[in-house]
Peer 1: 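Shown below is the structure under consideration.
Because the structure is a prediction, the values reported are computed rather than measured.
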Amino acid sequence: MSKETIGPKIKQFRKQYNLTQDELAESLGYSGKSVISHIEKGDADMTYEKILLLLRTFALDANELFEVERIDKQLNDWRMTQRKDKKVVVYIHGLNGSSKEAEDFSYLKDEYDVVGLDYQDGNPWELKETIQKEFEKLTKNYKEVVVIANSIGAFYTYEYLSNFNIKQAFFISPVADMHQLIFNKMMGEGIRSKDLEEKKFITCKDGVVLSFDFYQHVLRYEDNWKVPTDILYGSRDNLVYIENIADFLAKHPNSKLTIKQGAEHYMHTEEEKEFIKNWIINSLYQ
């Protein structure tokens, strides 16, 4: 906060609330009124911690004391610098999911900041830049990054985020072979490779768009994923084949598999959520 503006603002606030310098100093944990006196004169600055304490103590809106855009930016910059010694868990949702699902992992908040990566469902080949930019913003300045990804969110992670500094990843019902998934969709819709090549784009009955170029891309995909990865797979998953999971494990020797008996692709029951919780905690803190 600029010394040119903070002093008069603090003095104005103090007089408005009929506080002495001693009373304000005591409420903010300062040793005496001399500190407040120096701040009001512009000889000293007030730390962001004290500004936040002031706002909370007197139930103030930042706009009551400061130019709101300016203080918001400066406080955000300050918070970013505090991240350098912290850890973050980034949750990447699956199809028709939401970044709000990150709240399911709030039990990690004692040690990690837990955030959801927000992206709108769309054609996978159009989401690369969006996901990379959002991930970079969410993980900036953190010393340790852990990813929890669900279904197609796992594909986006190993396909688009392999060059980021990720310490560990947890894949829940991962789309481990996008080529296989597209091929299965084509077979179910009666679409031949030749049809897709000729038309370039075909919209399926459920609105899913298939792209020939993207189909060729995942066929030739160069795998650069090297992050230690825990995989959770449901024994009754009817979307991802266990053979695809086995291939992924073979290509990534630093990955390991846990099978949830009786679970389908979408794990959402309270019992399944509890299983996921124990699975993650046992791996993170083993």
Peer 1: Using a strict threshold of under 4.0 Å (side-chain N to carboxylate O), is an ion pair present between Lys140 and Glu136?
Peer 2: no
Peer 1: Near Phe183 CZ, under 6.0 Å, is it more than 12 heavy atoms from other residues, nucleotides or ligands?
Peer 2: no
Peer 1: Take Leu196 and Arg192, measure what side chain to side chain contact (heavy atoms under 4.5 Å, CB included) needs, and give me the verdict at the end.
Peer 2: CA-CA 7 Å; Leu196 191 57; Arg192 301 173 302 171; over 6 Å; no
Peer 1: Tell me the closest heavy-atom pair linking Leu284 and Val146, and the distance in Å.
Peer 2: CD2-CG2, 4.3 Å
Peer 1: Look up atom CD in Glu264 and atom CG in Leu239, then write down how far apart they are to the nearest 0.5 Å.
Peer 2: 11.5 Å
Peer 1: Please report the C-alpha distance between Tyr156 and Tyr119 in whole Å, then the side-chain angles of each, then the deciding distance to 0.1 Å, and finally whether the ring-ring contact (aromatic ring centres under 6.0 Å, His included) criterion is met.
Peer 2: CA-CA 11 Å; Tyr156 294 143; Tyr119 72 90; 5.5 Å; yes
Peer 1: Strictly below 4.0 Å, N to O, side chains only: are Lys33 and Asp22 in salt-bridge contact?
Peer 2: no
Peer 1: Quick one: sort the Phe155 and Phe214 rings into parallel, tilted or perpendicular, breaks at 30° and 60°.
Peer 2: perpendicular
Peer 1: Please report the C-alpha distance between Ile92 and Val147 in whole Å, then the side-chain angles of each, then the deciding distance to 0.1 Å, and finally whether the side chain to side chain contact (heavy atoms under 4.5 Å, CB included) criterion is met.
Peer 2: CA-CA 7 Å; Ile92 304 177; Val147 171; 4.0 Å; yes
Peer 1: For Lys185, is the NZ atom crowded, meaning more than 12 foreign heavy atoms sit under 6.0 Å from it?
Peer 2: yes
Peer 1: Can you tell me how far apart CG (Leu232) and CH2 (Trp279) are? Round to the nearest 0.5 Å.
Peer 2: 5.0 Å
Peer 1: Okay, side chain of Glu101, backbone of Ser98: is any donor-acceptor separation there less than 3.5 Å?
Peer 2: yes
Peer 1: Backbone N or O of Phe135 within a donor-acceptor pair of the Thr139 side chain at under 3.5 Å?
Peer 2: yes
Peer 1: In terms of side-chain geometry, is the basic nitrogen of Lys251 or Asp177 positioned less than 4.0 Å from the acidic oxygen of its partner?
Peer 2: no
Peer 1: Look at atom CD of Glu26 and say whether more than 12 heavy atoms of other residues, nucleotides or ligands are closer to it than 6.0 Å.
Peer 2: no
Peer 1: Could you measure the distance from the CD1 atom of Ile166 to the NZ atom of Lys226? Nearest 0.5 Å is fine.
Peer 2: 13.0 Å
Peer 1: Parallel, tilted or perpendicular: which fits the ring planes of Tyr158 and Tyr221, with parallel below 30° and perpendicular above 60°?
Peer 2: tilted
Peer 1: Using a 6.0 Å cut-off, check whether atom NZ of Lys194 has over 12 heavy atoms from anything other than its own residue.
Peer 2: no
Peer 1: Which heavy atom of Gly94 sits nearest to which heavy atom of Asp121, and what is that distance?
Peer 2: O-OD1, 4.0 Å
Peer 1: Would you please name every residue forming a salt bridge (Lys or Arg N to Asp or Glu O under 4.0 Å) with Lys128, sequence neighbours left out?
Peer 2: none
Peer 1: Which pair of heavy atoms, one from Leu117 and one from His93, lies closest together, and at what distance?
Peer 2: O-CD2, 3.8 Å
Peer 1: Would you check if the side chain of Lys277 reaches a backbone N or O of Tyr107 as a donor-acceptor pair within less than 3.5 Å?
Peer 2: no
Peer 1: Hey, is the main chain of Asp213 close enough, under 3.5 Å, to the side chain of His217 for a donor-acceptor pair?
Peer 2: no
Peer 1: Any chain of hydrophobic side-chain contacts (each under 4.5 Å) joining Tyr142 to Val114?
Peer 2: no
Peer 1: Between Asp230 and Gln168, what is the shortest heavy-atom contact and its length?
Peer 2: OD1-NE2, 3.3 Å
Peer 1: Apply side chain to side chain contact (heavy atoms under 4.5 Å, CB included) to Ile202 and Lys199, showing your working.
Peer 2: CA-CA 7 Å; Ile202 294 179; Lys199 295 183 179 180; 4.0 Å; yes
Peer 1: Can you tell me how the ring of His179 sits relative to the ring of Tyr215, calling it parallel under 30°, perpendicular over 60° and tilted otherwise?
Peer 2: parallel
Peer 1: Atom NE2 in His252, atom CG in Leu249: separation rounded to 0.5 Å?
Peer 2: 9.5 Å
Peer 1: Would you kindly confirm whether Leu257 and Tyr241 end up in one hydrophobic cluster when ILVMFWY residues are joined by side chain heavy atoms under 4.5 Å apart?
Peer 2: no
Peer 1: Under the 6.0 Å and 45° cation-pi test, does Lys260 pair with Tyr233?
Peer 2: no
Peer 1: Run Ser211 and Gln216 through side chain to side chain contact (heavy atoms under 4.5 Å, CB included) and show every step you take.
Peer 2: CA-CA 9 Å; Ser211 161; Gln216 292 297 301; over 6 Å; no
Peer 1: Cluster question for you: counting only ILVMFWY and a side-chain heavy-atom cut-off of under 4.5 Å, with indirect links fine, are Trp225 and Ile148 together?
Peer 2: no
Peer 1: State the CD-CD1 distance between Glu243 and Ile245, to the nearest 0.5 angstrom.
Peer 2: 10.0 Å
Peer 1: Which value, rounded to the nearest 0.5 Å, describes the distance between Ser151 atom OG and Asn96 atom CG?
Peer 2: 10.0 Å
Peer 1: Assign the ring pair Trp125 / Phe201 to parallel, tilted or perpendicular, where the plane angle (0 to 90°) is split at 30° and 60°.
Peer 2: tilted
Peer 1: Are any side-chain N or O atoms of Asp237 and backbone N or O atoms of Val240, one a donor and one an acceptor, separated by less than 3.5 Å?
Peer 2: yes
Peer 1: Between Ser255 and Thr229 (side chain of the first, backbone of the second, donor and acceptor by atom type, cut-off under 3.5 Å), is there such a pair?
Peer 2: no
Peer 1: Is a side-chain donor or acceptor of Tyr285 paired with a backbone partner of Ile280 at a separation under 3.5 angstrom?
Peer 2: no
Peer 1: Quick one: does any side-chain atom of Ser106 pair with a main-chain N or O of Glu103 as donor and acceptor, under 3.5 Å?
Peer 2: yes
Peer 1: Quick check: does any side chain N or O of Glu272 sit under 3.5 Å from a backbone N or O of His268, one acting as donor and the other as acceptor?
Peer 2: yes
Peer 1: Is the side chain of Gln132 donor-acceptor paired with the backbone N or O of Tyr160 at a distance under 3.5 Å, no angle test?
Peer 2: yes
Peer 1: With Lys87 as the cation and Tyr112 as the aromatic partner, state whether NZ or CZ is under 6.0 Å from the six-membered ring centre and within 45° of the axis.
Peer 2: yes
Peer 1: Is it possible for you to say whether Val88 and Val227 belong to one hydrophobic cluster, with membership spreading through side-chain heavy-atom contacts below 4.5 Å?
Peer 2: yes
Peer 1: Any link between Leu53 and Phe13 through a network of hydrophobic side chains (Ile, Leu, Val, Met, Phe, Trp, Tyr) touching at under 4.5 Å?
Peer 2: yes
